[in-house]
Amino acid sequence: MAAKQPHAEWMLELDVPQAVDTTSMAPAQPAAAVPAQSTPHTRRQVGQILLAKGLVTQKQIDEAIDEQQRRKHRQLLGELLVEMGMVSEEQVVEALAEAYNVPFAKLSPRLADPKVVQIIPRDFLEKHSVLPLFKVHETLTVALSEPANVFLVEEIARIANCRVQVVAATVADIHALLGQYMSAANVFVIDDIIEDVTGDAFELIESKVDDITNLEGMAGDSPVIKLVNYLIYSAVKEGASDIHIEPDDGQLRIRYRVDGVLYEKLAPPFQLMAPIVSRIKIMASLDIAERRLPQDGGIHVLMERRPIDLRVSTLPNGHGEKVVIRIIDNSQALSSLETLGFSIEMLKQIRHQLAHPHGLVLVTGPTGSGKSTTLYAALTEINSPERNVCTVEDPIEYNLKGINQFQVNEKIGLKFATVLRSLLRQDPDVIMVGEIRDDDTARTAVQAALTGHMVLSTLHTNDSVSAVTRLHNVGVETYLISAALDSVLAQRLVRKICSHCKEEYEPSPSIKHALEKAGLSATRLCRGAGCPKCHQTGYSGRIGIYELFVPDEAVRQAISDGATLQQLRELAKAATSTTLLSDGLSKAKGGITTVEEIFRVCVA
């Protein structure tokens with residue numbers, strides 16, 4: 001066998017964290033001595049610390065306390081302040097550490113001893129957001145996001161069979177390092193795989209796979225299987241929404257889409273293109289002999305004992321077949337309306353609209369703007385045993401408990417409008433239509449909204465008001481739109497600043513001017529400097545920005561009279577207090593995202 005040649009441009013390097021000198025770190029206070037974090041006095045104390053540091057105002061604390069009471073104290077004050085965009089998670093945890101007299105730790109890869117992390121079972125660590133750091137003289141130091149959780153500390157002491165000391169750290173930092181430590185066993189050397197790939201690689205791939213495929217259990221199979229499994233496994237671990245496998249002239253590029261932006265993951269040799277594509281086709285039950293026509297399929301895999309759905313799309317280009325794999329993690333908890341990034345005032349308006357017994361509620365935005373997530377959150381909000389809630393989807397992305405979900409199948413003629421008409425004979429109270437694509441679906445949805453049903457759906461438009469003209473363009477009469485339309489929510493997803501490399505800076509005059517035009521002002525803003533955890537982008541995670549349009553009588557009359565889009569926009573200004581741009585700039589001022597990110601997705 002020829003000597004192995006390194007592929008420097010795509011070789012993976014595993015940075016194994018090293019143990020640290022524990023004598024350089026100040027000893028933590030005994031965890032068992034920390035008071036419980038559940039009394040009203042404790043919640044108020046954290047607020048007072050944030051207030052004393054100038055991080056929040058008394059008005060903001062009062063708003064959060066009101067919201068906390070409305071939710072019957074199911075969430076802590078600090079959690080609500082973070083959710084409402086008033087402070088960062090790090091600032092709240094620092095305040096908690098000060099309140100309970102424990103150290104605050106900004107975690108880094110070299111702070112924890114990898115051997116000590118294994119003391120406590122993985123499931124327990126991930127469930128409770130715990131990171132063991134090091135052990136000295138039968139005393140285990142652990143990082144927690146809730147330093148006052150005495151019951152959790154006692155359970156850790158029982159499992160580890162030693163004394164426990166606590167430091168406070170953010171959930172994001174804890175999970176980031178947990179993922180790094182726990183995934184080391186699943187990483188393998190890609191160069192060894194390339195060395196073993198031969199022209200007979202197709203013969204190494206089994207002709208049939210189970211409906212549920214265990215990625216980790218197949219790690220010992222053929223080199224191509226290993227590589228494909230690694231691509232899927234690492235994409236899920238990094239939070240990617242899509243994998244792009246793209247052949248070019250003598251090159252093969254593999255990219256992941258993370259937080260809405262593509263970045264290059266690997267650039268393996270071009271000769272691997274055909275084996276990789278064939279392996280994916282076999283897993284998705286596609287025809288490996290058909291290379292001239294597009295194909296679509298699905299894969300169900302089991303990763304770390306949780307199901308993952310993969311949607312596969314192949315499309316021939318001039319150099320082979322481009323493959324895109326959409327990743328849907330069904331085990332992730334569905335978002336609630338409170339976690340999507342709505343302001344308190346807009347959240348109240350949305351809940352008021354969802355309380356209506358009938359009408360058409362639309363969510364608009366481009367592909368990948370989070371419309372389905374918003375609709376699922378709305379359905380979860382209004383679902384109850386007294387209501388018959390039904391959905392018509394293509395495909396069904398998440399299974400919702402207590403909700404009747406129906407799958408469209410256009411190949412056999414089961415279209416949105418067909419299912420919707422049949423569904424109206426099933427006595428529904430609330431209907432969610434995945435997307436209004438044609439005049440038949442639009443007319444049926446509007447008629448359902450006019451006959452006593454609440455109908456929720458999505459449209460592809462640039463702003464909220466454009467939904468009116470879009471419905472009219474697909475064939476719905478203006479007087480029907482005026483009578484049926486209850487509200488329109490336009491939205492975009494913007495990237496959040498990475499909490500690991502977040503820093504303050506003084507904005508330029510142009511940015512200050514843009515904020516002033518939106519009625520805001522700021523002498524200091526935040527941005528991400530770039531670090532390995534965010535792939536040097538300065539961003540990690542996404543949040544929504546929103547524009548809610550609720551037609552008043554003047555707007556309804558204008559719609560019925562056939563007003564132009566520009567005329568409707570002028571009238572809507574009085575009925576819409578927040579635009580996509582203003583909501584985004586407010587989040588930028590609050591340190592959640594950047595002004596540059598807002599301008600990337602919004603027109604100034």
Side-chain angles (χ1 to χ4, degrees), residues 14-39 41-43 45-46 49-50 76 78-79 88-185 304 499-500 531-533:
L14 182 61
D15 182 16
V16 180
Q18 303 296 320
V20 299
D21 181 5
T22 59
T23 60
S24 63
M25 183 172 181
Q29 299 296 322
V34 178
Q37 189 184 353
S38 60
T39 65
H41 171 71
T42 299
R43 290 192 294 267
Q45 185 182 15
V46 172
I49 293 173
L50 294 171
L76 300 177
E79 293 176 347
S88 67
E89 180 190 3
E90 183 173 314
Q91 291 168 334
V92 169
V93 176
E94 280 190 280
L96 283 169
E98 183 176 336
Y100 297 112
N101 193 29
V102 299
F104 172 77
K106 182 66 177 174
L107 301 182
S108 66
R110 296 187 179 275
L111 186 57
D113 184 342
K115 294 180 180 179
V116 174
V117 176
Q118 310 300 324
I119 291 177
I120 300 176
R122 175 177 186 163
D123 291 345
F124 183 90
L125 297 179
E126 292 184 336
K127 179 180 179 180
H128 298 287
S129 297
V130 176
L131 178 64
L133 297 177
F134 44 80
K135 186 178 180 181
V136 180
H137 301 309
E138 298 305 314
T139 297
L140 177 66
T141 300
V142 298
L144 303 177
S145 61
E146 296 181 20
N149 192 335
V150 176
F151 302 107
L152 177 59
V153 174
E154 290 178 350
E155 182 67 10
I156 295 170
R158 186 190 64 79
I159 295 173
N161 193 28
C162 63
R163 185 171 179 268
V164 173
Q165 291 185 335
V166 169
V167 299
T170 65
V171 173
D173 281 356
I174 291 171
H175 279 284
L177 286 189
L178 277 177
Q180 182 171 338
Y181 290 125
M182 295 301 184
S183 63
E304 296 176 343
S499 61
H500 299 280
C531 66
K533 291 189 179 298

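Just the heavy atoms: all of them, side chains too, but no hydrogens, waters or symmetry mates, feed the values below. Note that the coordinates shown come from a computational prediction; the quantities given were computed from them, not determined experimentally.
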Straight-line distance of [X] [atom1] to [Y] [atom2], nearest 0.5 Å:
X: E146; Y: H128; atom1: CD; atom2: NE2; value: 10.5 Å
X: L152; Y: S145; atom1: CG; atom2: OG; value: 8.5 Å
X: C162; Y: I156; atom1: SG; atom2: CD1; value: 10.0 Å
X: T170; Y: K106; atom1: OG1; atom2: NZ; value: 5.5 Å

Close side-chain approach of [X] and [Y], heavy atoms under 4.5 Å:
X: V136; Y: T139; value: no
X: V102; Y: V167; value: no
X: T141; Y: P132; value: no
X: I174; Y: V130; value: no
X: E98; Y: F104; value: no

(Q) One pair to check against side chain to side chain contact (heavy atoms under 4.5 Å, CB included): L96 and I49. What are the steps and the verdict? (A) CA-CA 9 Å; L96 283 169; I49 293 173; over 6 Å; no
Q | side chain to side chain contact (heavy atoms under 4.5 Å, CB included) evaluation trace for L144 with V153 | A | CA-CA 9 Å; L144 303 177; V153 174; 3.8 Å; yes
Q: Just do the side chain to side chain contact (heavy atoms under 4.5 Å, CB included) check on L131 and V142 with the steps written out, would you?
A: CA-CA 6 Å; L131 178 64; V142 298; over 6 Å; no
Q: Taking E89 for its side chain and V171 for its backbone only, find out whether a donor-acceptor pair lies under 3.5 Å.
A: yes
Q: Report yes or no: does E154 contribute a side-chain atom to a donor-acceptor pair with the main-chain N or O of F151 at less than 3.5 Å?
A: no
Q | Evaluation steps, side chain to side chain contact (heavy atoms under 4.5 Å, CB included), between Q165 and L140 | A | CA-CA 6 Å; Q165 291 185 335; L140 177 66; over 6 Å; no
